[in-house]
Number of protein chains: 2
Amino acid sequence: MPTSENGSPPPVYREIAEELREQIRSGRYADGDRLPGENVIMERHGVARATARQALSVLINEGLAVAVRGSGVYVRLFRPIRRHGARRLSRELWGNGRAIWQTDTDGEDRGYDVDRLRVEEGTARDHVARVLGLTEGEGVLLRSRRYLVDGRPVQTALSHLPLALVGDEPRFRDGDTGPGGIYARLAERGLAPARFTEEIRGRMPTPEETEALGLTPGTPVLEVARTALTADHRPVEFNEITMDGSAYVLQYDFEA
Amino acid sequence: MPTSENGSPPPVYREIAEELREQIRSGRYADGDRLPGENVIMERHGVARATARQALSVLINEGLAVAVRGSGVYVRLFRPIRRHGARRLSRELWGNGRAIWQTDTDGEDRGYDVDRLRVEEGTARDHVARVLGLTEGEGVLLRSRRYLVDGRPVQTALSHLPLALVGDEPRFRDGDTGPGGIYARLAERGLAPARFTEEIRGRMPTPEETEALGLTPGTPVLEVARTALTADHRPVEFNEITMDGSAYVLQYDFEA
DNA sequence: CAGTGGTCTAGACCACGAC
DNA sequence: TCGTGGTCTAGACCACTGT
């Protein structure tokens, strides 16, 4: 039973953090506003530097604030991109603007870029091989890339395609895979994806992901593992997608 | 440009953290194993206590380790529950009187419990009112609860039902809403949910959520906002679900 | 340049768990 | 009781931002 019914008073740094958190919630500090810094907190609460830092680190690790070296600590904003799972139903339901989380113009007028594109051959790891129905050590074509919106990295993706399916067709290895992308190329070979399965998980980023996505402390990632299958249930692609949790809202629509 | 190409050497605490992280990855320390404590790190690396603590806090905030007071720091495990998006809500399931929660895992034998059940009337917040198509200040029935698996809290849910739809029918206010639950009761009133929309977001927990779910530092939550609509697009329920990110994998299946 | 956050030291006392 | 992690002090030097 961690942190349950605690008779003892909360530590000082938590009380300071709670005070600031409350002021953020109440609107006393708004998005992008500068919060009291270490020195101000030390003076106002009569605590040592480390204690003031610890209080601020609570808010930072909650994703409520970001520290900017040499400048200050600021309230953080949440203006996510909306990613639709199944597009089919979403239009009619959400064209009326009744989403829970407001998104920045729902994808209009943004600068989209792709970055760090890499294509190579390799062997699938255990769990990928299982998902794709491959035998141990069978080859896959790996396509990795990073996506940016308005210059900000928001997502990385690593796509796995069985070599047995793509052969040496150059289109699969090009940076530009042509109109319709990979899925259209698969369709031309009689391997059109008909169904998708997405598994989603939330976790803290690895240092590599922190670098690749430019994440600040207190930002989790959303990991989406997507499998594409043909109409006869043959897996043709497995895609590992890692998204900046502060940049995305995922949406899925489905029938009862 | 945050933390980009950095010529300067990484701080000591990061190097210590990286060393431990690598040992965890390589299997040198497995799930549940005890990691070197503050004192060991101080001695081995010749650093002050605060520096050793900072190194450990990196791993803890990454969700790789948990600290247990008076005992030690341990490698953390990830054994999630699978939550199916579409399948679990199928008409067939709640038509048979099976509760949604029971289908939440892949049929394993686990101990399921519901806790902190609360039913009350209230008014919907702005964004909830918008989603449910309510006028300002219109009443809703609020049903909140906490779910536990094997005694461990893993999820909280807050369901909103427009009072105009549920009337004073007692079944909606009972702890046990009868076979098929809320959705079956709505169906009996000609308000059978036909479609669902789920919006998913990953973020760090609030202190309240940390308490309710017994979360350790470095654990994000998955927040699912679900709207249930009738066949003619009338919203009948809005449910705010918060899940322990270390306890769940969400799965959605859909067609191209 | 002054002010900010980032790192680090060398202590101290406490609450808690395991033995 | 002893070792553990949790909190806190009172300094220090550094890197960086802003003017």
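Letters go in sequence order (proteins before strands), and every chain restarts at 1.
- Taking the six-membered ring where the residue is Trp, B:Tyr252 and A:Tyr252 present parallel rings, their angle staying beneath 30° rather than reaching 60°.
- Among the atoms of the strands shown, base atoms are found under 4.0 Å from some heavy atom of B:Ala50.
- For A:Thr51, taking side-chain heavy atoms from C-beta onward, the closest of the listed nucleotides C:dC8, C:dT4, D:dT9 is D:dT9.
- In this structure, the CZ atom of A:Arg53 is 15 Å from the C1' atom of D:dA10, given to the nearest Å.
- The pair B:Arg83-B:Glu198 counts as a salt bridge, with a side-chain nitrogen and a carboxylate oxygen less than 4.0 angstrom apart.
- Spacing between atom CZ of A:Arg14 and atom P of C:dC14 amounts to 20 Å, rounded to whole angstrom units.
- For the pair B:Tyr13 and C:dT7, the criterion of a side-chain N or O lying under 4.0 Å from OP1 or OP2 is met.
- Around the CZ atom of A:Arg118, the shell of radius 6.0 Å holds no more than 12 heavy atoms that belong to other residues, nucleotides or ligands.
- Within the model, atoms CD of A:Glu237 and CZ of A:Arg226 stand 6.0 Å from one another, a figure rounded to the nearest 0.5 Å.
- Distance from the side chain of B:Arg49 is smallest to D:dG6 among D:dC8, C:dG6, D:dG6.
- Atom CD of A:Glu43 is separated from atom C1' of D:dA10 by 17 Å (rounded to the nearest Å).
- For A:Ala48, whose side chain is taken as the heavy atoms from C-beta onward, the closest listed nucleotide among D:dC8, C:dT9, D:dT9 is D:dT9.
- Here D:dT7 presents its C1' atom at 16 Å from NE2 of A:His45, a figure rounded to the nearest Å.
- The distance between atom CD1 of B:Ile41 and atom P of C:dA10, rounded to the nearest whole Å, is 17 Å.
- Each of A:Val12 and B:Leu35 lies near DNA chain D, and the nucleotide nearest B:Leu35 is the one positioned closer to the 5' end.
- For the atom pair B:Leu20 CG and B:Leu64 CG, the distance stands at 10.0 Å (nearest 0.5 Å).
- Heavy-atom minimum distance, A:Leu56 versus A:Gly37: CD1-C, 4.3 Å.
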With 3.5 Å as the limit, what N/O pairs link the protein to nucleotides 17-19 of chain C?
| from | atom 1 | to | atom 2 | distance (Å) |
| --- | --- | --- | --- | --- |
| C:dG17 | O4' | B:Gly70 | O | 3.4 |

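- Comment: B:Arg203 does not engage A:Glu62 in a salt bridge, judged by the lack of any side-chain N to carboxylate O separation of less than 4.0 angstrom.
- When each of A:Tyr74 and B:Leu56 is assigned the nucleotide of DNA chain D with its nearest heavy atom, B:Leu56 is the one assigned upstream, toward the 5' end.
- Here D:dT7 presents its C1' atom at 11 Å from CD of B:Glu38, a figure rounded to the nearest Å.
- For C:dG3, the OP1/OP2 oxygens have no side-chain nitrogen or oxygen of A:Asn39 closer than 4.0 Å.
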